[in-house]
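As the structure is a prediction and not an experimental result, all values here were calculated from the model.
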Amino acid sequence: IVQGHPKVELQGFFYEVKNLKADVMTGKEDTDALNLTATLNASEFYFSTDKLSVSVIVKAGDKSISLVRIDVIAPSISAKAHDLINFTANLRVFNAKNDGNDVHKFEILSTDFSKFLTQLNSHPENIDFEYDRLDIKCSQLKIGPKTIKVNLDEVKAYIEANREGLKGLLLAKAAAKMAQDLPEAVHKLADKIVLPKNRWINAKAIKVHTRIDQFKNPQGHGNFGVHLPLNFCSHTHFDTYGDACLEKNPGNKIKSRITMAMHSASVKNIQTMIENGQANIVASISEDLFTKLLNTTYEAGTWNNFLKKAKVFLGPNKVRARLDEKGGTATINIDVIYKNEWFEKMLLTFSHVRFSLVMKASLRVEKNETGEDVLIVRMVDVDLSDETF
């Protein structure tokens with residue numbers, strides 16, 4: 001009795017996944033961390049190996065003989081289509097320390113590769129298959145008085161006529177190899193992701209400090225929020241005090257009129273907008289942020305030329321921003337002091353005039369002349385009413 005079985009081997013391999021996109025949803029509610037479910041899809045795939053070997057091993061008695069060995073040299077498969085590779089991962093974002101610094105780290109809780117390469121396997125016609133050449137070796141098998149010979153030309157012609165079989169074989173090997181390697185690679189990648197909570201952004205006029213304070217999913221509706229407080233320092237203050245400039249900068253020390261009730265109403269409005277499909281991302285920016293930004297630009301000296309030309313300087317209240325009505329503008333109150341000239345002192349009998357300059361201003365992110373995104377505060381109107389004066 002002669003028994004035979006195929007044997008498939010890969011020698012060296014390389015694969016590449018491109019255009020990887022993730023759809024992220026929040027998972028179960030957690031007070032200490034943010035749980036996410038990410039569905040990852042890739043639209044471009046490439047796999048190659050130095051050699052794919054297919055052997056037909058025949059066992060006659062105690063002997064095993066390679067009756068046919070087919071070496072496919074430098075085979076490769078590639079494909080471009082939507083949702084070629086699909087898998088999901090459940091991950092957790094949590095607070096941690098890294099070298100003494102506050103950070104967010106990522107942990108993969110579980111992965112699901114059950115739908116991995118489903119599109120590739122179900123639509124092999126979309127896959128391009130190439131190889132350099134075929135090397136075929138055939139042996140003779142003698143059983144008793146009979147000798148089994150394999151015709152080399154017939155084997156080669158059969159393979160050339162049935163390229164789909166070789167392509168399917170290489171794809172199966174690629175899928176098995178990637179399904180084996182990718183879960184571990186995903187876990188290792190997550191372990192390397194460290195997101196600092198504190199970060200400085202170097203703007204032209206000032207320095208901006210951001211802190212990813214916490215992630216929240218308070219309502220459990222599949223959305224999450226990020227508390228991202230911003231503070232500012234002039235370059236001079238930062239060079240002198242470093243991180244301590246946040247406490248030293250007078251521009252950051254303002255008395256807020258925003259209550260917890262106002263903040264809660266804002267958060268509720270954000271949640272409603274997202275749930276109703278009015279927006280995918282909503283940012284709630286308080287008037288305190290505008291006030292700190294404007295005062296820090298004043299401390300940085302960006303107002304000097306304007307104030308000098310107007311022959312005024314700012315009073316102790318400096319600048320206050322108010323988001324007191326709907327629309328695309330804010331109300332800016334500037335505490336202005338005008339120092340009288342000598343002849344005005346003679347007529348008015350006092351040395352200076354202090355008044356509040358009330359203006360409407362827009363805040364926009366626009367492109368500057370070099371193509372960079374910059375934040376522009378543009379004055380659009382001045383309130384000259386008798387009531388204001």
Side-chain angles (χ1 to χ4, degrees), residues 201 203 205-211 213 225-234 237 245-273 278-279 281-307 309-310 312-338 352-366 373-389:
I201 300 173
I206 59 175
K207 292 186 76 74
V208 183
H209 179 265
T210 67
R211 177 176 173 83
D213 202 34
V226 182
H227 186 217
L228 187 68
L230 301 180
N231 284 288
F232 311 95
C233 281
S234 67
H237 271 94
C245 74
L246 296 173
E247 296 296 327
K248 299 285 186 179
N249 178 24
N252 290 328
K253 299 176 182 179
I254 62 170
K255 186 177 180 180
S256 177
R257 69 177 188 130
I258 300 174
T259 64
M260 285 303 299
M262 295 168 68
H263 175 72
S264 298
S266 176
V267 172
K268 185 177 180 180
N269 184 54
I270 289 173
Q271 190 71 36
T272 300
M273 291 179 67
Q278 295 173 267
I281 300 175
V282 181
S284 176
I285 302 175
S286 72
E287 61 185 33
D288 293 347
L289 178 68
F290 289 143
T291 297
K292 290 191 291 185
L293 174 61
L294 292 171
N295 278 291
T296 303
T297 58
Y298 166 73
E299 297 292 340
T302 58
W303 296 44
N304 289 350
N305 289 337
F306 159 72
L307 296 175
K309 288 180 180 179
V312 297
F313 59 96
L314 299 192
N317 291 333
K318 296 186 175 63
V319 187
R320 292 288 184 272
R322 291 288 182 263
L323 303 180
D324 49 5
E325 60 183 51
K326 288 186 177 181
T329 61
T331 300
I332 308 296
N333 294 281
I334 305 177
D335 185 9
V336 178
I337 297 177
Y338 173 73
H352 64 271
V353 178
R354 182 181 176 190
F355 61 96
S356 180
L357 180 61
V358 182
M359 297 183 290
K360 292 293 183 181
S362 65
L363 190 69
R364 297 284 186 272
V365 176
E366 300 178 8
D373 291 320
V374 294
L375 189 65
I376 296 178
V377 179
R378 184 173 285 114
M379 300 304 172
V380 296
D381 194 16
V382 180
D383 187 352
L384 299 176
S385 64
D386 293 339
E387 181 183 359
T388 298
F389 280 104

Test your reading of the model: is there a side-chain donor-acceptor pair from Ser264 to the backbone of Ala261, 3.5 Å cut-off? no
For the residue pair [X] and [Y], what are the closest heavy atoms and their distance?
{"X": "Val380", "Y": "Ser362", "result": "CG1-OG, 4.1 Å"}
{"X": "Arg320", "Y": "Asn317", "result": "NH1-O, 3.1 Å"}
{"X": "Ala205", "Y": "Ala300", "result": "O-CB, 3.7 Å"}
{"X": "Ala321", "Y": "Phe290", "result": "CB-CB, 3.5 Å"}

List for me each residue that meets side chain to side chain contact (heavy atoms under 4.5 Å, CB included) alongside Leu289, sequence neighbours excluded, and say none if there are none.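 With sequence neighbours excluded, Leu289 shows a side chain to side chain contact (heavy atoms under 4.5 Å, CB included) to Leu230, Phe232, Ile285, Ser286, given in chain and number order.
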Please name all residues satisfying side chain to side chain contact (heavy atoms under 4.5 Å, CB included) with Met359, sequence neighbours left out, ordered by chain then number.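 In terms of side chain to side chain contact (heavy atoms under 4.5 Å, CB included), with neighbours along the sequence ignored, Met359 is linked to Ile334, Leu357, Met379, Val382.
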What distance separates [X] [atom1] from [Y] [atom2], expressed to the nearest 0.5 Å?
{"X": "Asn304", "Y": "Thr302", "atom1": "CG", "atom2": "OG1", "value": "7.5 Å"}
{"X": "Asn231", "Y": "Glu247", "atom1": "CG", "atom2": "CD", "value": "8.5 Å"}
{"X": "Phe313", "Y": "Trp303", "atom1": "CZ", "atom2": "CH2", "value": "15.0 Å"}
{"X": "Asp381", "Y": "Ile332", "atom1": "CG", "atom2": "CD1", "value": "12.5 Å"}
{"X": "Glu366", "Y": "Arg378", "atom1": "CD", "atom2": "CZ", "value": "4.5 Å"}
{"X": "Leu323", "Y": "Thr291", "atom1": "CG", "atom2": "OG1", "value": "8.0 Å"}

[Y] and [X], any side-chain heavy atoms less than 4.5 Å apart:
{"X": "Pro316", "Y": "Arg354", "value": "yes"}
{"X": "Asp335", "Y": "Leu314", "value": "no"}
{"X": "Glu299", "Y": "Lys318", "value": "yes"}
{"X": "Met273", "Y": "Ile270", "value": "no"}

Side chain to side chain donor-acceptor pair (under 3.5 Å) with [X]: which residues, sequence neighbours excluded?
{"X": "Asn333", "result": "none"}
{"X": "Ser266", "result": "Ser284"}
{"X": "Thr296", "result": "Asn249"}
{"X": "Asn295", "result": "none"}

Modelled atom types, side-chain donor and acceptor of Thr331 and Lys360, under 3.5 Å: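 Present: a donor and an acceptor within the cut-off.
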